Trainee: 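One structure, as structure tokens, below. Some questions next.
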Protein chains: 2
Amino acid sequence: MHKEHTLTKNQQIIFDLIDKSSEPMKAYSILFNVQKKGIKAPLQVYRALDKLVEIGKIHKIESRNAFIACHNSSCQVAKATAFSICEICEKVTEISSAGLSKYLANFKDKDGMKYSKYNLEFFGLCKKCR
Amino acid sequence: MHKEHTLTKNQQIIFDLIDKSSEPMKAYSILFNVQKKGIKAPLQVYRALDKLVEIGKIHKIESRNAFIACHNSSCQVAKATAFSICEICEKVTEISSAGLSKYLANFKDKDGMKYSKYNLEFFGLCKKCR
DNA sequence: TACATAGTGTTATATTATAACATTTTAAAT
DNA sequence: ATTTAAAATGTTATAATATAACACTATGTA
């Protein structure tokens, strides 16, 4: 469960936009969409994005440089994320699997190193595109 | 095991550089380093990088926009990659765990979707930085 | 109130990556 | 050896992604 944060005006505007979107949004597409609300510069977008990622309200899809809203209460504040990505239609879905999170949270490498955070991106074809 | 490819001149120059590097290299740092060998433009670098990634000789660390040579014969041609990343010194290590690759290669989500490819990045502190 | 922390607005610039087009090299198949 | 198709190259220009630096404002709290 997310710790509750009161979002600031810019954060709220940008979160709402991403949350309503059915697909991951890129920073400059976000910028274009919020210009009518007074957010004019890339930095204003990136600062809000950084904060939203930090508090776990959104996630960055690293392989796509794009952002989606978090809909997974078990992804402890951006620390453990997993996504499936369709290589044709680019649909991205957050994976919510207790088994997977448990496996990865407990994974230790050969040196016995335990990790505080991970990001996993699966690629394949979604139902529609198969 | 990698299918053997004969690298072209540019590919070989760029692979050698990355392979010798003890840390992931970024595209423009690569460019700077190979300019004395006649590779003058970003596109020449990116094309070689694309090909090297495609054939599995190097991997892209998505969260860092950087490239490392593959030292893991089990990462079937760029289809199944896992890395550990130190958040302080930025040291990146390719993870070679039969258990992990088996688990992820066989992972199916709720829709029974099976994936053809994945990339996993773990974050934490390396031995030195702890 | 005063203080610290976080957020904002703005301009400029750095960094990462691709488009488009002409040419050359390579490998394989006659 | 010659043709041919695919891959790679060289080049200029530009697109897309992201941060630096600085002045200022809002917010919470001691």
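Quick note on labels: first sequence line is chain A, next is B, and so on, each numbered from 1. In this text, all values refer to a predicted model and were calculated from it rather than measured experimentally.
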Trainee: For B/Gln44 and D/dT9, is the shortest distance between a side-chain N/O and OP1 or OP2 below 4.0 Å?
Mentor: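 Indeed not, no polar side-chain atom of B/Gln44 lies that close.
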Trainee: Specify the separation, in whole Å, of atom NZ of B/Lys51 and atom P of D/dT9.
Mentor: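 Value for this atom pair: 10 Å.
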Trainee: Name all pairs fulfilling the salt bridge (charged side-chain N to carboxylate O under 4.0 Å, His left out) condition that reach into residues 30-51 of chain B, sequence neighbours left out, sorted by first residue then second.
Mentor: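 Non-adjacent pairs meeting salt bridge (charged side-chain N to carboxylate O under 4.0 Å, His left out): B/Lys51-B/Glu54.
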Trainee: Pick out the pairs of N or O atoms, protein on one side and nucleotides 26-30 of chain D on the other, that lie under 3.5 Å.
Mentor:
none

Trainee: By nearest nucleotide on DNA chain C, pick out whichever of B/Arg47 and A/Ala41 is the more 5' one.
Mentor: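 Nearest-nucleotide comparison on DNA chain C picks A/Ala41.
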Trainee: A/Glu62 CD to D/dT17 P: how many Å, rounded?
Mentor: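 Distance check: A/Glu62 CD to D/dT17 P gives 13 Å.
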Trainee: Figure out the NZ/P separation between B/Lys40 and D/dA13, and round it to whole Å.
Mentor: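 After rounding, the gap between these two atoms is 15 Å.
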Trainee: Supply the atom-to-atom distance B/Leu120 CG to B/Glu62 CD, rounded to the nearest 0.5 angstrom.
Mentor: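 One finds 12.5 Å between CG of B/Leu120 and CD of B/Glu62.
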Trainee: If you link ILVMFWY side chains whenever their heavy atoms are less than 4.5 Å apart, which other residues fall into the same cluster as B/Leu125? By chain and number, please.
Mentor: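 Its cluster mates, by chain and number, are B/Ile88.
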Trainee: Going by the ring-ring contact (aromatic ring centres under 6.0 Å, His included) test, which pairs reach into residues 24-53 of chain B, not counting sequence neighbours?
Mentor: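 Residue pairs with at least one partner in residues 24-53 of chain B: there are none.
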Trainee: Tell me: CG of A/Asp50 to P of D/dA18, nearest whole Å?
Mentor: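 Value for this atom pair: 10 Å.
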Trainee: D/dT19 P sits how many Å from A/Leu43 CG, rounded?
Mentor: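 In whole Å, D/dT19 P and A/Leu43 CG are 9 Å from each other.
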Trainee: With a 4.0 angstrom cut-off to heavy atoms of chain B, pull out the first and last contacting nucleotide of DNA chain C, in 5'-to-3' order.
Mentor: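 Counting from the 5' end, contacts occupy C/dT16 to C/dA20.
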Trainee: Measure from NZ on B/Lys9 to P on D/dA8 and round the result to the nearest Å.
Mentor: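 B/Lys9 atom NZ is separated from D/dA8 atom P by 14 Å.
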Trainee: Looking at residues at least two apart in the chain, or sitting in another chain, which of them share a salt bridge (Lys or Arg N to Asp or Glu O under 4.0 Å) with B/Glu23?
Mentor: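 In terms of salt bridge (Lys or Arg N to Asp or Glu O under 4.0 Å), with neighbours along the sequence ignored, B/Glu23 is linked to no residue.
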Trainee: Could you tell me which residues satisfy ring-ring contact (aromatic ring centres under 6.0 Å, His included) with B/Tyr115, sequence neighbours excluded, listed by chain and number?
Mentor: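 Partners of B/Tyr115 under the ring-ring contact (aromatic ring centres under 6.0 Å, His included) test: A/Phe122.
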Trainee: Tell me if a side-chain donor or acceptor on A/Asp19 pairs with a main-chain N or O of A/Phe15 at a distance below 3.5 Å.
Mentor: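 Such a contact is absent between A/Asp19 side chain and A/Phe15 backbone.
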Trainee: Can you name the salt bridge (Lys or Arg N to Asp or Glu O under 4.0 Å) partners of B/Lys117, sequence neighbours left out?
Mentor: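 B/Lys117: salt bridge (Lys or Arg N to Asp or Glu O under 4.0 Å) contacts with A/Glu87.
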Trainee: So A/Leu100 and B/Asp109, do their side chains get closer than 4.5 Å, heavy atoms only?
Mentor: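 They are not in side-chain contact.
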Trainee: Filter on side-chain hydrogen bond (donor to acceptor under 3.5 Å, both in side chains), then keep only pairs touching residues 120-130 of chain A, sequence neighbours left out; what's left?
Mentor: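 Non-adjacent pairs meeting side-chain hydrogen bond (donor to acceptor under 3.5 Å, both in side chains): A/Ser63-A/Glu121, A/Asn119-A/Glu121.
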Trainee: Does the A/Gln11 side chain pair with the main chain of A/Thr8, one donor and one acceptor, at a distance under 3.5 Å?
Mentor: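 Between the backbone of A/Thr8 and the side chain of A/Gln11 there is a qualifying donor-acceptor contact (under 3.5 Å).
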Trainee: Taking OH from A/Tyr46 and C1' from D/dA21, how many angstroms apart are they, rounded to a whole number?
Mentor: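 That distance rounds to 18 Å.
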Trainee: Taking the nucleotide of DNA chain D with the closest heavy atom to each, which residue, B/Asn65 or B/Asn10, is nearer the 5' end?
Mentor: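 Of the two residues, B/Asn10 wins.
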Trainee: Determine which pairs satisfy ring-ring contact (aromatic ring centres under 6.0 Å, His included) with at least one residue from residues 78-100 of chain B, sequence neighbours left out, and list them in order.
Mentor: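 Pairs touching residues 78-100 of chain B that pass the test: B/His59-B/Phe83.
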Trainee: Specify the residues of residues 13-38 of chain B, ordered by number, for which at least one heavy atom lies under 4.0 angstrom from an atom of DNA chain D.
Mentor: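 Close to the strand, none.
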Trainee: Any side-chain heavy atom of B/Thr81 sitting closer than 4.5 Å to one from B/Ile95?
Mentor: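 No, too far: nothing below the 4.5 Å cut-off.
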Trainee: Specify the angle, to 10°, made by the local axes at the two ends of the helix from C/dT1-D/dA30 to C/dT30-D/dA1 when five pairs are taken at each end.
Mentor: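 Inter-axis angle at the ends, rounded: 40°.
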Trainee: Hey, what do you get for CD1 (B/Ile30) to CD1 (B/Ile39), rounding to the nearest 0.5 Å?
Mentor: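 Nearest 0.5 Å value for the CD1-CD1 distance: 10.0 Å.
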